[in-house]
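Take a look at the structure set out below.
The chains referred to below are lettered A, B, ... by the order of the sequence lines, with proteins before strands, and numbering in each begins at 1. Keep in mind that the numbers below use all heavy atoms, side chains included, and drop hydrogens, waters and symmetry copies.
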Amino acid sequence: MSDPFVKVLGDIDPIAARHPSGAIMIDGMHVADTMTCKHCGHTWIPVKGSGKVRGWCMKCNGPTCGHPACDECKPFEQQLTEYEKGVLKSLR
Amino acid sequence: MRKYSGSGVAAAGLNLTIVQASQTGATVRTRIYDIIVGSDSSPADQATKFALQRGTVAGTGSSFTPVALDPADPASLVTFQQGTFTGQTLTANAYTLFFAVNQRATFRWVAAPDSELVLPATTAALIALQSLSSTGTPNIDSTFLWQE
């Protein structure tokens, strides 16, 4: 696959996401996609060879950030609701 | 869905808040969908590492009155502040996005629909743009766009 991004990130080699949660632009040029964890809302740039192990939630049908707390399916919307009710003490 | 804009400027440095958006009430969730970061200092090669971090106590900074993108909309339910903060409580390790930018560059992150950074409907819940570290102290200008 040809590289879809403008190369301004040096040695970093971002991967085009099939379903990106966002886009990063530097000086108006699209340089990377972002993905968002379905369980905690953390956003990251998928980078080839980063060594980061991410996950995929079959129930939410979306990526997870790889943090152990996000391995169990607990959708972000549910966490927000619990946080607003005081059940959950903090958001990641 | 109402949309608003807030802008601010502060010097980069070690663990400094540039701008923050915080909830004034517990009625609606705020969704930040666009973040722009640049510098108005004289061009120089300084690099700054940023993070968007959650917090629970807004503290006190210099206020900026959010601007409604549709002039017919009422005032925003978000308090937008910039500059030097006191009494602010950020949540450890609750980073929603990391990025590093050269001072000469203008950075922009745009969320896809339903992938915005969400502030819970809790009073004083906040997301702050933090300068985690920097090779200099350039002015950092930032704009948040959000919907309520």
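Taken together through direct or relayed side-chain contacts under 4.5 Å among Ile, Leu, Val, Met, Phe, Trp and Tyr, Leu52(B) and Met35(A) form parts of separate hydrophobic clusters. By the criterion of side-chain heavy atoms lying less than 4.5 angstrom apart, applied directly or through intervening Ile, Leu, Val, Met, Phe, Trp or Tyr residues, Phe107(B) is grouped together with Val31(A) in one hydrophobic cluster. Neither Tyr4(B) nor Leu77(B) shares a network with the other; the hydrophobic side chains, linked directly or stepwise wherever heavy atoms of I, L, V, M, F, W or Y lie under 4.5 Å apart, form separate groups for each. Both Phe64(B) and Ile18(B) are members of a single hydrophobic cluster when ILVMFWY side chains are connected at heavy-atom separations under 4.5 Å. Under the 4.5 Å side-chain heavy-atom criterion for grouping Ile, Leu, Val, Met, Phe, Trp and Tyr, Ile24(A) is connected to Val101(B) within one hydrophobic cluster.
In terms of non-hydrogen atom pairs under 4.5 Å with chain A, the most contact-rich of Ile35(B), Leu97(B), Ile36(B), Val37(B) is Leu97(B).
Proximity to chain A (any heavy atom under 4.5 Å) is shown, for Ala121(B), by both the backbone and the side chain.
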Check chain B and chain A for donor-acceptor pairs under 3.5 Å and report each one on its own line.
residue   : atom : partner  : partner atom : Å
Arg29(B)  : NE   : Glu84(A) : OE2          : 2.7
Arg29(B)  : NH1  : Glu77(A) : OE1          : 2.7
Arg29(B)  : NH2  : Thr81(A) : OG1          : 3.1
Arg29(B)  : NH2  : Glu84(A) : OE1          : 3.1
Arg31(B)  : NH2  : Glu77(A) : OE2          : 3.4
Tyr95(B)  : O    : His42(A) : ND1          : 2.7
Thr96(B)  : O    : Thr43(A) : N            : 2.8
Thr106(B) : N    : Asp27(A) : OD1          : 2.8
Thr106(B) : O    : Asp27(A) : N            : 2.8
Arg108(B) : N    : Met25(A) : O            : 2.8
Arg108(B) : O    : Met25(A) : N            : 2.7
Trp109(B) : NE1  : Thr34(A) : OG1          : 3.1
Val110(B) : N    : Ala23(A) : O            : 2.9
Val110(B) : O    : Ala23(A) : N            : 2.8
Ala112(B) : N    : Ser21(A) : O            : 2.6
Ala121(B) : N    : Glu84(A) : OE2          : 2.7

